[in-house]
Amino acid sequence: MSTSQGNEEREHAAYDFAYVQEKWLPVWDELTPFKSGRADDARPKKYVLDMFPYPSGDLHMGHAEAYALGDVIARYWVQKGFNVMHPIGWDEFGLPAENAAIKRNEDPRIWTYENIATQKASMRRYACSFDWDRVFNTCDPEYYRWNQWLFLKLHERGLAYRKDSAVNWCPGCQTVLANEQVVAGLCERCDSAVTKKKLNQWYFKITDYADRLLDDMQQLEGLWPDKVLTMQRNWIGRSTGANVQFVIEGRSEPISIYTTRPDTLYGATFMVVAADSELAAELAAGTTADKDFKAYVEKIKADSDIDRLATDRPKSGLFLERYAINPVNGEKLQIWASDYVLADYGTGAIMAVPAHDQRDLDFARAMKLPVRVVVETGEEDPSETGIATVGDGTVINSGSLNGLNKAAAIAAINAQLEKDGLGKSARNYRLRDWLVSRQRYWGTPIPIIHCEKCGEVGVPENQLPLTLPDAAGLDLKPKGTSPLGAATAWVNVKCPKCGADAKRDTDTMDTFVDSSWYFLRYPSSTNNDEPFARKDIDTWLPVDQYVGGVTHAILHLLYSRFFTKVLGDMGMLSFNEPFTRLLNQGMVVMDGSAMSKSRGNLVRLSDELAHHGVDAIRLSMVFAGPPEDDVDWSDVSPSGSVKFLTRAWRLSGDIASAPGVDFTKGDVTLRKATHKALNDAGIAVETFRFNVAIARVMELVNATRKAIDSGCGPADPATREAVEAIAIMLSLVAPYTSEEMWERLGHKPAVARAGWPTVDPSLLVDESVVAIIQINGKIKERIEVSPSISDADLEKQAMAHPVIVEELKGATILKVIARAPKLVNIVINS
RNA sequence: GCCCCGAUAGCCCAAUGGCAGAGGCAGAGGACUUAAAAUCCUCCCAGUGUGGGUUCGACCCCCACUCGGGGCACCA
């Protein structure tokens with residue numbers, strides 16, 4: 001630590017950030033100001049969590065922003081006297097590591113652990129307020145054994161199951177993908193066009209939780225960004241309607257269709273079944289249409305998702321030469337097969353009401369099928385305009401439903417169908433079960449043994465973790481089947497139940513399994529007896545504040561919510577939403593677009609840190625604008641941040657009073673500025689307006705500079721109070737500078753634990769305020785009044801003011817609005 | 001095509017329905033200096049995308065539109 005003489009020597013030197021960084025890091029290592037959960041810690045808890053990184057290289061600008069923002073929140077609550085747990089770990093399984101391993105021809109662990117070491121060192125230098133004692137790696141067996149344990153628990157509960165299904169297949173990665181990992185028909189990892197493949201795969205039954213995932217979002221209202229809640233609602237996509245039974249000529253069983261518009265049942269003019277469904281194949285079998293049908297199915301199989309998603313795609317289909325009977329009027333309806341009906345939604349069959357559904361109308365017009373209007377909406381005839389009338393109206397041509405509006409007709413027809421045993425109300429979801437198996441090496445092995453006699457047998461718990469076979473000797477290149485299959489010594493085992501020869505499941509789990517419960521692990525990160533201890537969970541969870549990118553709005557957050565509910569049902573925890581508050585930070589872009597090497601606009605974090613120092617980069621990130629907005633690095637000025645920090649730092653060398661001086665004896669004007677800044681900055685931080693909080697600190701720095709140079713002077717206690725407040729507020733964004741200031745002010749480290757000064761409410765009120773006097777909304781005069789003046793007194797003063805009296809001469813006063821102590825508005829006719 | 005968010009000074013951004021400017025960047029001038037840098041001081045700049053409406057009063061609320069960003073997109 002510097003001597004006072006050393007301080008003097010440095011007094012007028014420029015602020016040397018490199019020196020200061022090197023100076024304080026070892027001190028903080030020693031003091032561990034952010035260690036959470038000491039046994040004797042009586043402070044109330046606060047769990048602040050940043051989304052954990054993937055170790056794909058060194059930290060980049062995006063990390064710098066995210067961690068700067070998360071750190072403001074974590075450090076603020078520490079200053080406010082909370083026992084803050086702010087942990088970090090690494091999310092390591094997945095394709096980047098595996099692809100790097102293939103390229104380098106080595107074990108993915110090597111690349112992974114190298115990158116972790118790099119990132120960890122960068123985080124330490126970046127002065128993140130992480131609790132380093134809680135770190136874990138998801139690729140360590142000590143972690144992923146609990147993925148396996150959870151998988152087995154889900155399997156026991158029927159929530160993990162295998163089925164044959166047409167799944168998303170990425171030809172680039174040579175693996176299946178979850179629905180959530182297909183973005184606009186492309187693989188989210190490698191941008192290959194995703195195709196369909198019929199495979200037997202593992203699923204988690206997230207659809208069982210669709211209603212709870214939807215309904216529990218009510219409690220997140222106002223605490224999560226609306227955008228994320230909307231995206232999740234859309235993704236789950238609950239729709240309500242009815243299933244209706246249609247008798248089929250020549251078939252013993254009726255076909256059930258799903259519709260959201262049972263009120264238009266009389267308007268059904270044909271039926272459509274999904275061309276790729278078993279139902280379609282069965283209906284076509286034996287008819288003269290069968291040959292054409294098979295050809296049609298082959299044709300649509302060749303279409304990629306991209307083709308299917310094209311908006312102007314013409315409708316295609318084929319008449320199956322079969323007929324259905326409309327249950328309400330006995331009409332004979334043609335049954336068609338088409339790819340615009342999805343096999344895995346609803347029942348895979350629909351009644352087509354072309355007058356009131358655009359897709360059905362497009363199809364009817366293409367195939368020359370009849371259109372019948374059964375809802376009078378006042379719009380033109382759909383069969384002429386080609387535009388279906390989908391809105392509300394009066395039901396016509398519909399027997400007993402005639403004259404009703406949409407809602408009444410739906411209620412009436414549902415009741416009638418139910419009574420006649422022909423249908424009942426139903427719900428459907430866009431959400432599909434979560435496909436969790438992957439045909440790749442670098443993931444958690446699925447802990448299932450396949451036995452010819454016993455079927456799927458879970459690996460006994462006492463044999464967990466089931467570790468990955470050594471990568472050496474395995475060909476990791478993607479080839480459509482798991483590389484684990486080649487590890488014969490690993491694959492061939494005895495059935496734990498019957499002892500017969502059996503084989504291990506060779507697929508690995510989707511890496512999103514790892515991150516779906518990791519936030520539960522931090523409080524128990526060193527516990528090797530269970531995934532998490534109930535006592536720790538009850539102490540720390542749920543997460544009070546989660547910070548991360550909006551890219552995870554659906555995937556990770558939905559899966560985490562699902563896991564939380566499942567674990568709740570298992571009695572392992574007692575809350576139903578894992579993340580109480582969520583902040584989505586924006587991205588860091590350059591010249592308006594995402595940074596990339598190929599675009600040539602990549603800014604290297606390490607370069608920025610070398611040029612401007614950690615504090616200036618953190619400050620620039622936080623001050624750039626509202627946290628949820630993108631930061632355009634070409635708009636921010638790290639050198640401006642350096643300038644401000646230097647200016648603040650210099651104040652600390654100018655203070656002439658001693659630590660502990662009685663602030664109440666200080667200059668009132670500056671004291672008011674200090675307390676207002678503390679008050680406003682605190683509110684701004686709590687409402688995520690960090691840029692505003694910094695503006696308040698800048699104001700106080702300016703006011704203090706002025707007070708020292710030409711006001712109450714450096715010896716006044718108020719200047720010390722102000723600079724100490726600045727150091728504490730600045731500690732949220734500029735840990736090095738503020739620590740240095742704190743020392744120069746005569747205090748011992750760490751400023752991070754100094755405590756947010758208590759705001760004196762009496763210093764927040766002004767003795768007098770300026771009230772404005774308006775006539776017809778235009779400002780005519782300003783007067784100084786007491787802040788506690790009454791409306792009546794303010795009005796009296798305003799009306800008596802000479803300027804106003806003059807203005808009002810000859811006018812008729814219509815109304816006077818007084819809003820003490822801010823303004824009086826006199827309305828006159830002019 | 002549908003839904004959501006945004007638009008304030010040359011730029012980034014502030015403003016419980018009540019004086020449009022908190023803060024910063026950039027710019028201009030000055031002080032200090034042999035000079036430069038650094039520092040300090042002072043100053044400049046818009047009436048809030050467009051058109052209506054509500055109100056005593058609108059950046060703020062309502063309607064329509066323009067532009068920008070994001071999400072969803074055959075889910076019956």
Side-chain angles (χ1 to χ4, degrees), chain A residues 12-15 183-185 225-231 233-235 237-239 241 257-262 264 272 274 308-313 315 338-342 344-353 356-360 362-363 390 428-432 550 553-554 586 592 619-620 623-626 628-632 634-641 643-644 646-647 650 677 680 684 689 691-702 705-706 709-710 770-782 814-819 822-828:
Chain A
H12 298 289
Y15 172 68
V183 180
D226 287 340
K227 189 177 156 182
V228 175
L229 295 177
T230 305
M231 284 168 74
R233 285 196 181 101
N234 289 342
W235 189 262
R238 180 163 66 196
S239 93
I257 61 96
Y258 174 70
T259 178
T260 56
R261 293 293 302 277
T264 62
V272 187
R308 296 178 66 100
L309 290 173
T311 48
D312 50 356
R313 189 166 195 254
K315 290 280 184 288
S338 174
D339 65 347
Y340 88 92
V341 171
L342 307 176
D344 61 349
Y345 183 79
T347 61
I350 63 152
M351 65 171 191
V353 186
H356 308 298
D357 182 279
Q358 190 61 48
R359 297 152 301 190
D360 295 346
D362 293 343
F363 192 81
V390 298
N428 269 304
Y429 305 87
R430 161 182 271 109
L431 182 71
R432 302 294 198 274
V550 75
I554 296 174
L619 177 67
S620 299
F623 185 56
E628 57 275 11
D629 287 6
D630 285 351
V631 175
D632 195 324
S634 63
D635 287 333
V636 307
S637 169
S639 57
S641 297
K643 223 163 89 176
F644 164 70
T646 309
R647 201 166 137 82
R650 205 180 306 113
D680 292 359
R689 286 147 56 240
N691 52 327
V692 176
I694 289 170
R696 293 290 100 84
V697 181
M698 288 174 167
E699 268 179 285
L700 183 58
V701 167
N702 292 342
R705 180 78 267 155
K706 202 167 276 181
D709 291 348
S710 57
V770 175
I772 56 170
I773 307 171
Q774 303 175 321
I775 294 176
N776 287 351
K778 290 199 175 61
I779 297 158
K780 295 294 176 186
E781 194 50 74
R782 291 154 218 272
L814 299 176
K815 200 172 181 180
V816 180
I817 295 111
R819 290 281 180 276
K822 286 186 162 175
L823 69 87
V824 178
N825 189 14
I826 304 157
V827 186
I828 60 173

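Look at the C1' atom in both B:U8 and B:C45: the space between them is 13 Å, to the nearest Å. Taking atom C1' on both B:G17 and B:C61, the two are 8 Å apart, rounded to the nearest angstrom. Going from the P atom of B:G51 to that of B:C40 covers 43 Å, rounded to whole Å. A distance of about 32 Å separates the P atoms of B:C12 and B:A73, rounded to the whole Å. For the P atoms, the distance from B:A9 to B:A14 is 13 Å, rounded to whole Å. Comparing the P positions of B:G53 and B:G70 gives a spacing of 35 Å, expressed to the nearest Å. The separation of B:G68 from B:C25, taken at their C1' atoms, amounts to 23 Å, rounded to a whole angstrom. Rounded to whole Å, the C1' atom of B:U55 lies 12 Å from the corresponding atom of B:C62.
B:G57 atom C1' lies 8 Å from atom CG of A:Leu823, rounded to whole Å. For the pair A:Ile817 CD1 and B:A58 P, the interatomic distance rounds to 12 Å; values are reported in whole Å. Straight-line distance from the NZ atom of A:Lys227 to the C1' atom of B:C72: 13 Å, rounded to whole Å. When rounded to the nearest whole Å, the span between OH of A:Tyr345 and C1' of B:C72 equals 14 Å. The distance between atom CG of A:Asn428 and atom C1' of B:A76, rounded to the nearest whole Å, is 10 Å. Rounded to an integer number of Å, the gap from A:Arg689 CZ to B:G23 C1' is 13 Å. Separating the CD1 atom of A:Ile779 from the C1' atom of B:G47 is a distance of 12 Å, rounded to the nearest angstrom. Atom CZ in A:Arg705 sits roughly 13 Å away from atom P in B:U42 (whole-Å rounding).
Closest contact between the side chain of A:Arg430 and the listed nucleotides B:C12, B:A73, B:G57 involves B:A73. Of the listed nucleotides (B:A76, B:G71, B:G18), B:G18 has the atom at the smallest distance from the side chain of A:Lys822. Of the candidates B:C56, B:C25, B:C74, B:C74 carries the atom nearest the A:Asp339 side chain, counting heavy atoms from C-beta on. Checking B:C25, B:G24, B:G18 against the side-chain heavy atoms of A:Asn702 singles out B:G24 as nearest. Closest to the side chain of A:Phe623, from the set B:A22, B:C40, B:G23, is B:G23. Relative to the side chain of A:Val692, the nucleotides B:A14, B:C56, B:C12 differ in distance, and B:A14 lies closest. The nucleotide whose nearest atom lies closest to any side-chain atom of A:Arg819 is, among B:C56, B:G71, B:A76, B:C56. For A:Pro626, counting side-chain heavy atoms from C-beta on, the closest listed nucleotide (B:A22, B:A14, B:C56) is B:A14. Of the candidate nucleotides B:U39, B:C74, B:C56, B:U39 has the atom lying nearest to any side-chain atom of A:Arg650.
If you check every strand for non-hydrogen atoms under 4.0 Å, A:Arg432 touches a base. Using a 4.0 Å heavy-atom distance criterion, A:Lys643 is classed as a sugar-phosphate-only contact. Looking at heavy-atom distances under 4.0 Å, A:Thr230 makes no contact with the nucleic acid at all. Contact annotation for A:Gln774: base contact, defined as any heavy-atom pair under 4.0 Å involving a base atom.
Looking at A:Asn702 and A:Arg647, their side chains do bring a donor and an acceptor atom within 3.5 Å of each other.
Under the 90° criterion around 0 for the glycosidic angle, B:G71 counts as anti.
Under 4.0 angstrom from either OP1 or OP2 of B:C40 there lies at least one side-chain N or O belonging to A:Arg647. The phosphate of B:C25 has neither OP1 nor OP2 within less than 4.0 Å of any side-chain N or O from A:Ser639. Using a 4.0 Å cut-off, some side-chain N or O of A:Asn691 falls inside it from OP1 or OP2 of B:A14.
In this structure, B:C45 forms no base pair with any nucleotide, since neither Watson-Crick nor G-U wobble geometry is met with both distances under 3.5 Å. When Watson-Crick and G-U wobble pairs are counted only if both distances are under 3.5 Å, B:C72 pairs with B:G1. Nucleotide B:U39 forms a Watson-Crick or G-U wobble pair with B:A31, both donor-acceptor distances falling under 3.5 Å. In this structure, B:G18 forms a base pair with B:C56, meeting either the Watson-Crick or the G-U wobble geometry with both donor-acceptor distances under 3.5 Å. Look at B:G6: its Watson-Crick or wobble partner, with both distances under 3.5 angstrom, is B:C67.
In this structure, A:Lys315 forms a cation-pi arrangement with A:Tyr340, its terminal cationic atom sitting closer than 6.0 Å to the ring centre and no more than 45° off the ring axis.
Applying the salt bridge (Lys or Arg N to Asp or Glu O under 4.0 Å) test to A:Asp226 and every residue at least two apart in sequence or in another chain returns nothing.
In this structure, the side chain of A:Asn776 engages the main chain of A:Ile828 through a donor-acceptor pair within 3.5 Å.
Between A:Ile554 and A:Gly346, the residue anchored nearer the 5' end of RNA chain B, judged by the nucleotide with its closest heavy atom, is A:Ile554.
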Does the salt bridge (charged side-chain N to carboxylate O under 4.0 Å, His left out) test come out yes or no for A:Asp357 and A:Arg261, once each step is laid out?
CA-CA 9 Å; A:Asp357 182 279; A:Arg261 293 293 302 277; over 6 Å; no

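Considering A:Ile694, A:Val697, A:Val636 as possible partners of A:Leu619, the one that fulfils the side chain to side chain contact (heavy atoms under 4.5 Å, CB included) test is A:Ile694.
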